[in-house]
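One-based numbering along the sequence shown. Each ligand, and each atom within it, is numbered from 1 in the order the structure gives.
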Amino acid sequence: MADRPTLEKLVKQNDVWLSRNDVLHGIKKYDVSSKKIRIVTDCGETITVNNSRRSSSARSLRNSKYGKVCKHCKLSEERINKFVSKDFYDPAITYVEPQQKKSVPKKVEKKSTARPISIPVSAEWPAAAQPAAAQPAAAQPAAAQPAATQPAAAQPAATQPAAAQPAATQPAAAQPAAAQPAAAQPAATQPAAAQPAAAQPTAAQPAAAQPAAAQPADSNKTKEPVSMSAKDKFSPSQKKRLETLMISDEYDLDNPDLLPEFAALEAELTARRKKEFCDIYENSREHMLAKLERDISAFLISKGFIEIKSSLLIPEEYIVRMGIDKDVELSKQVFRTDDGQCLRPMLAPVLYNYLRRLDKILPDPVKIFEIGPCYRKESDGSSHLEEFTMVNFCQMGEGSTRENLVQLIDEFLTHLGISYEIEGDECMVYGATIDIMHGDLELSSAVVGPVPMDMDWGVNKPWIGAGFGLERLLKVKHNFKNIKRGSRSEFYYNGIHTNL
Ligand code: ATP
Ligand code: 9VF
Ligand code: MG
């Protein structure tokens, strides 16, 4: 018994390559990575295959049979004979997989947030010309994107006592929450007038969202039932591919007679999307999410808000102190580390700390904001991401009225060219909220403080604040059917699928 030779060894020893249609080629050169072998044949073709003992390529090379000899490779008799006679490798021997492979216990695969994708071989060495057959057409359908993930079991919040908080986050002078006397927050300091009245819809209706020309809408048509004949025309996977390539804006799926065949349609859409990509490369080179962040940042700075950048990892205890205990849905959505920290699901805890500290440093009112990634385990699809970007702006002190909050939100959304409606809602963390809606989609929850929880954060002045999801703003602005198009992603760039 012996080990099967690796494909690398077979390539080296045979010095020839057998293509899928059994044509024998000479090997001009080859490169080996940990997983792949890239072979350049004497006739100039480049082939990339998995470096596996068990692959059909390895089997072919172990065999001595071939169909034809490539006439462009100009193989010598000697090289052909070497392949046929194989004195370096005895096919009579029963070859087995290496012993240690069998003895290694099968690894239990842990779910991770970033599931590896299978990389089309063409992606490995982009410079090389890849034979069409080696490149699966739809190697990364949208469905290949990581679905809701459930990492290691959530750590109980109770294991994180307040005292275990990193010293730096709570300097002695900064009044740790627990030490915050209730008396410092007399209920009487909450003027009735500052409490949000039942939200009234306002007349504010800024300019309607303008979908950018470069981002044709995944229009509503795709949501409507497609006629039987259109259904028949394309298979579900073909339809999915066409939708991924943003077909709906340009062709009428309800009118199959007017539709080209799949291959022609796919080629046409792919060409358009490539052109759009090249235009971005030529002109702006800006990522829409990053650009929106810069735009919002400039807007808020112009309105007197100071920009904060804080850590994505925060003490788990902050979540508890936000009133989100184990029974509350948001608690279950938190990605926890094994050392009492978590990926922040919101910006408010650190903003609370900033407000408390900056109130001793800066003149009243204190106006601050942060924009950055937040993380929540979400199970719900097209408007929820597990990694999204929130902007939370808030003002504490003078002028923290509902009127000013609504005015600011109106200027903000008008600046972004996004229409909205106002709805009153309730949430567990703040109580009454002013929800900013675009149709059925919540763009923001806004709050007029103070709220009782302020006591736990050492904050004792009225405040106003709002949190918006940037990807939701992009979804509305560009009429994306799925929020992923404008998100942090390897699958989409500025709404365009990257597998073109
Ligand atoms: P929803 O009810 O839609 O899940 P939420 O009430 O949980 O939203 P908030 O906690 O108020 O949301 O967060 C403020 C804003 O952040 C939301 O209005 C939304 O724009 C955005 N947001 C919240 N969760 C997500 C998410 N998982 N993906 C993308 N954006 C989100
Ligand atoms: C408004 C969005 C508690 C004074 C530091 C700022 C707010 C809603 C924020 C969301 C969240 N809250 N519900 O708080 O501006 O993430 O909390 Si502060
Ligand atoms: Mg939610």
Examine the proximity of ligand 2 to [X] and report which part, side chain or backbone, both or neither, has a heavy atom under 4.0 Å away.
| X | value |
| --- | --- |
| Met390 | side chain |
| Thr433 | neither |
| Tyr352 | both |

Which residue supplies the protein heavy atom nearest to [atom], what is that atom called, and how far is it?
| atom | value |
| --- | --- |
| atom 13 (N) of ligand 2 | Tyr430 CE1, 3.5 Å |
| atom 28 (N) of ligand 1 | Leu385 N, 2.9 Å |
| atom 1 (C) of ligand 2 | Gly465 O, 3.6 Å |
| atom 19 (C) of ligand 1 | Arg472 NH1, 3.5 Å |
| atom 15 (O) of ligand 2 | Asn392 ND2, 2.8 Å |
| atom 8 (C) of ligand 2 | Ser445 O, 3.2 Å |
| atom 16 (O) of ligand 2 | Met346 CB, 3.1 Å |

- Message: Looking only at the side chains, is there a donor atom on one of Asp295 and His415 sitting less than 3.5 Å from an acceptor on the other?
- Response: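 There is such a pair (donor and acceptor under 3.5 Å, judged by atom type) between the side chains of Asp295 and His415.
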- Compute the shortest N/O to N/O distance between Met390 and ligand 1 and return yes if it is under 3.5 Å, no if not.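 No - when backbone and side-chain N and O of Met390 are compared with those of ligand 1, no distance drops under 3.5 Å.
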- Which residue pairs pass the ring-ring contact (aromatic ring centres under 6.0 Å, His included) test with at least one member in residues 337-362, sequence neighbours excluded?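 The answer is Tyr352-Trp457.
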